[in-house]
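Structure record follows, encoded as structure tokens.
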Amino acid sequence: MPLGSLPKGQINPFNLFTKRMRWTKTLIPTLKEDPADAESVSHKLMLRAGLIRKLSAGIYIYLPLGQRVLNKVVNIIRSEMDRAGALEVLLPALQTPELWEKTGRLKDMADIIYQFKDKSGKPCMLGPTHEEIITYLVANEVSSYRQLPVTLYQIQTKFRDELRPRFGIIRSKEFLMKDAYSFDADETGLNKSYQAMDQAYRRIFDRCGLNYKCIEGDSGAMGGHFSQEFMVPSPAGEDIFVTCSKCDYAATLMLVKCQPAPTGAKADKQPLKEVATPGTTTIEAVGKLLNVSAQQMVKTMICLAGEKPVAILLRGDHELNLSKLAKLYSGSLSGSELLPGIVGCPKGGTADWSFRMDHNRQASTAALLGEANITLAEPALIEKVTGGPLGFSGPVGLQSRNGVPIISGKGITIIADHAVMSMSNFVTGANKKDAHLLNVNLDRDFKPTHVADVRVVTEQDPCPVCQSPLKINNGLEVGHIFQLGTKYSKALEAMFLDEKGARHPVIMGCYGIGVNRIIAALIENAYDDNGIIWSTELAPYNVLIISINPADKTIAAVSTELYDQLTAKGIDVLWDDRDISPGVKFKDADLIGIPTIVTVGKGTIKDRTVDIKDRKTGRKQIVSFEKATDVIMTNV
RNA sequence: CGGGGCGUAGCGCAGUCUGGUUUAGCGCGCCUGCCUUGGGAGCAGGAGGUCGCCAGUUCAAAUCUGGCCGCCCCGACCA
């Protein structure tokens, strides 16, 4: 039915039972100005475009437009999970702590679990994640290899008492997660289930229109097992990951190995010399005072490995990687001999993707450390160990003071980073107040007990795969897939009988997606000065019809007919029927970011045409009534 | 949890330093009417505030003091 063919007042058959979505009848409270308490782009735009409102720190209301986007994300996830053969369930958000005590996570995650008692005094909690519950279910309902493999998933609200919620919905106390769990009889099965999820995730993020990168995740102390994180590059991202400028290598920052620097010919050893450096406690300050670069300095960091102090030596411009250090320890760092290039060989531990995901770096480090609980030493301990205050530590004389070993027994463990081994005549603290040493040299002045890769990789380091330059990026973690193993099945006795009647724990994988976060991530990736630019699949509506003067009968008739034709083709249409000045409507249209904007106004309808604008490119075309629907269809 | 900032109408802010000039103001939004309709129009009239909360100082407190609460940012891994 061509536009303009309906007599005035006639009811369109497509709309006998549905109401048109009029702007004046919905709730889209746009804001002209940036809200004072929003910082990140997505947070500002979500508030301004009327998607969300804040109830309290980290707790948000989804308005109609936001809820529509959320539903679109949920629908994509659901269809791809179903397609991959996963089965949807719904686990309780309200839980009891018993299962959590069994796996030890009630303690591990105590800081972030909302706990309370019901009126009978029974302990309750809100689920921060659901490994315990799903494993409980499978332990009870699955007992034979014939029932395996199975992958279950849910889309459920999680509650976490975050240390610091921020950036709107990017880190909130209550959020939607799609979490899936696979259960297999053997490793081969796990790999298959994992691959299926990997593929599903790529399809999901592709369909959402996200610019994402699949990176090697930190599988913590899980040994040969593997995890991948799906990162969306963004300055609002709280995770840091590394990509190679040439090859496909990409990994989370703390995981990237540093290669030992080439040991070239060393300079002649100059005589050791103490200099006064009053009040200069930082690498930067010492460098300035003594006019040496950070590369010429060695910083000495005192850590606590369990109860035992250990000194770490790093080049001045390098950062300690506690995660690597922890792995070194869980690989058992016990001998005191000089081992060239020991690198951790992880075993055991408490790696857990869902704990890591959406949790801050401190907590993730804690989770990784496991039994090898490694922390930075307090100033008092530094003084006790080194003899000098914080800021003046150094390796010289650390093993013994006045001929007496500082630590009873073999002396303190000194781990030097590879990069230190190629240095000579460097500057270190003198282990006493207001003094540093010049021309410190290995072997002559001190001997590290171990050499290892314990620092954070930099952009100056080569790609571990192809030696090309590396790039360090901020990113938002929107998904994480993980080969879990048997941690939960063992703890909660989720066992099955194999063909021969032998009992085994089921082998698990787990797979998470931050549903709300996808929305923020997309906005962080797609906006301009005027507002949001939605991808086709996530846009709350596909088409926005702006009637310049809706009181004009012809304009209203053309608008509604266009609306009905598009709706009949399955397009989600929003009709801006507000009787306000056109500028406001155009600004709002750009702000809420509907991909296709059709303007119906006096200027064009006299020629029986409408204006069709592509939000992303800004391209406008004038199209006849007859062709309007078809042209719009090619754009959605 | 440590550091910093903020809290005045639905939103964005001024006023606080130096107490009284304020019946607490401005812009946007909102309501009524007229007018206007292709990039945040115009005119006229109007509604809306326990100045975060509690206590104190004072003849007098948005303003000074103390406590509490809330919100935002940075940090919590770089000596």
Side-chain angles (χ1 to χ4, degrees), chain A residues 29-40 43-44 47-48 50 53-59 111 163-168 240 253-254 277 280-286 294 297-303 311-326 360-366 368-369 374-379 381-383 386 388-394 417 428-429 431 436 454-456 458 530-531 546-552 555 578-591 597-605 610-611 613 618 620 622:
Chain A
T30 57
L31 302 171
K32 202 183 273 190
E33 294 175 273
D34 278 341
D37 56 5
E39 194 72 15
S40 67
H43 190 195
K44 280 181 191 169
L47 288 163
R48 284 193 55 207
R53 284 294 181 261
K54 183 174 71 184
L55 176 65
S56 174
I59 306 176
D111 280 353
L163 276 91
R164 185 182 164 200
R166 57 176 137 184
F167 302 140
I240 302 173
L253 179 71
M254 294 303 166
T277 52
T280 40
T281 60
T282 64
I283 290 287
E284 198 190 348
V286 173
M297 293 189 248
V298 165
K299 62 182 164 192
T300 305
M301 301 182 70
I302 307 299
C303 294
I312 315 295
L313 306 184
L314 294 163
R315 205 172 81 188
D317 57 329
H318 286 154
E319 293 176 31
L320 175 61
N321 186 329
L322 271 180
S323 170
K324 284 182 181 173
L325 190 59
N360 73 12
R361 192 146 297 289
Q362 181 188 34
S364 70
T365 304
L368 286 168
L369 296 181
I374 297 187
T375 52
L376 289 179
E378 299 292 322
L381 182 72
I382 293 174
E383 193 134 10
T386 67
L390 183 149
F392 299 98
S393 305
D417 182 73
T428 74
N431 292 327
H436 279 76
V454 289
R455 68 183 172 91
V456 178
T458 68
N530 296 314
I546 295 178
S547 302
I548 293 295
N549 179 4
D552 181 295
I555 289 175
R578 292 176 296 174
D579 185 18
I580 50 172
S581 88
V584 177
K585 298 193 200 188
F586 291 130
K587 287 289 183 189
D588 274 348
D590 289 343
L591 177 59
I597 301 161
V598 184
T599 305
V600 183
K602 230 195 294 190
T604 57
I605 58 170
V610 294
D611 183 323
K613 178 186 157 185
K620 284 185 183 176
I622 307 290

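Below, read A as the first sequence line, B as the second, and so on, with proteins coming before strands; counting in each chain starts at 1.
In this structure, the side chain to side chain contact (heavy atoms under 4.5 Å, CB included) partners of K54(A), at least two apart in sequence or on a different chain, are D37(A), Y60(A). For the side chain to side chain donor-acceptor pair (under 3.5 Å) test, no residue two or more places apart in sequence or in another chain qualifies with K44(A). Judged as a side chain to side chain donor-acceptor pair (under 3.5 Å), and not counting sequence neighbours, the contacts of T277(A) are H436(A). With sequence neighbours excluded, the residues satisfying side chain to side chain donor-acceptor pair (under 3.5 Å) with S547(A) are S559(A), W575(A). Not counting sequence neighbours, the partners of T282(A) by the side chain to side chain contact (heavy atoms under 4.5 Å, CB included) test are E284(A), A285(A). Contacts of A311(A) classified as side chain to side chain contact (heavy atoms under 4.5 Å, CB included), with partners at least two apart in sequence or in another chain: T300(A), I302(A), L398(A), I412(A), I414(A). Taking the side chain to side chain contact (heavy atoms under 4.5 Å, CB included) definition, one finds that T30(A) meets it with W23(A), I28(A), D588(A), L591(A), I592(A), sequence neighbours left out.
The separation of rC13(B) from rG20(B), taken at their P atoms, amounts to 24 Å, rounded to a whole angstrom. Look at the C1' atom in both rC59(B) and rG49(B): the space between them is 26 Å, to the nearest Å. On the C1' atoms, rC72(B) is 15 Å away from rG52(B), given to the nearest whole Å. For rA62(B) and rG7(B), the C1' atoms lie 12 Å apart once the distance is rounded to whole Å. Using P as the reference atom, rG25(B) and rG48(B) are 13 Å apart when rounded to the nearest Å. rG2(B) and rU63(B) have their P atoms separated by 27 Å, with the value rounded to a whole Å. Rounded to whole Å, the separation between the P atoms of rC26(B) and rU32(B) comes to 22 Å. On the P atoms, rG38(B) is 44 Å away from rU22(B), given to the nearest whole Å.
At whole-Å resolution of the value, NE2 in H318(A) and P in rA79(B) are 13 Å apart. One interatomic measurement links the two molecules: CD of E383(A) to C1' of rA79(B), which rounds to 13 Å at whole-angstrom precision. Taking atom CG of L163(A) as the reference point, atom P of rC73(B) lies 15 Å away to the nearest angstrom. Between H43(A) atom NE2 and rC72(B) atom C1' there is a gap of 10 Å when expressed in whole angstrom units. Taking atom CD of residue E33(A) and atom P of nucleotide rC26(B), one finds them 16 Å apart after rounding to whole Å. The CD1-C1' distance, from I59(A) to rC72(B), rounds to 16 Å in whole Å. Remark: P of rC73(B) and CG of D37(A) are 8 Å apart, rounded to the nearest angstrom. Rounded to an integer number of Å, the gap from CG of D34(A) to C1' of rC71(B) is 17 Å.
For the side chain to side chain contact (heavy atoms under 4.5 Å, CB included) with S393(A), the qualifying choice from V298(A), T386(A), T281(A) is T386(A), the only one to do so. Remark: of the listed residues I548(A), I546(A), T599(A), T599(A) is the sole one forming a side chain to side chain contact (heavy atoms under 4.5 Å, CB included) with D611(A).
Of the residues near RNA chain B, P165(A) and G316(A), the one whose nearest nucleotide (by heavy atom distance) lies more toward the 5' end is P165(A). The nearest heavy atom of RNA chain B to P35(A) and to E319(A) marks one nucleotide each, and the one closer to the 5' end goes with P35(A).
Residues D417(A) and I312(A) have side chains not in contact (no heavy-atom distance under 4.5 Å, counting atoms from C-beta outward). Annotation: side chain of M254(A) is in contact with side chain of V456(A) (closest heavy-atom distance under 4.5 Å). Using a 4.5 Å heavy-atom cutoff, the side chains of N549(A) and K602(A) are not in contact.
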Polar atom pairs (N or O), protein with nucleotides 8-10 of chain B, under 3.5 Å:
none

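Under the Watson-Crick or G-U wobble criterion, with both distances below 3.5 Å, rU65(B) is paired with rA55(B). Nucleotide rG2(B) forms a pair with rC74(B), judged by Watson-Crick or G-U wobble geometry with both contacts under 3.5 Å. In this structure rG48(B) sits in no base pair that meets the Watson-Crick or G-U test at under 3.5 Å. Base-pair partner of rC43(B): rG33(B) (Watson-Crick or G-U wobble, both distances under 3.5 Å). In this entry rC26(B) has rG12(B) as its Watson-Crick or G-U wobble partner, both defining distances falling under 3.5 Å.
For rC74(B), one of the phosphate oxygens OP1 or OP2 lies less than 4.0 angstrom from a side-chain nitrogen or oxygen of R164(A). For rC11(B), neither phosphate oxygen OP1 nor OP2 lies less than 4.0 angstrom from any side-chain nitrogen or oxygen of R53(A).
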Its contact letters, B for base, S for sugar-phosphate only and - for none at protein heavy atoms under 4.0 Å, make nucleotides 32-42 of chain B read -----BBBBS-
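You'll find that the side chain of T282(A) is closest to rA79(B), out of rC71(B), rA79(B), rA76(B). The side chain of L322(A) approaches rC77(B) more closely than any other nucleotide in the set rG27(B), rC78(B), rC77(B).
Using a 4.0 Å heavy-atom criterion, one finds that I302(A) contacts the bases of the nucleic acid, with or without backbone contacts as well. Contacts of I382(A) with the nucleic acid, taken as non-hydrogen atoms under 4.0 Å apart, include base atoms.
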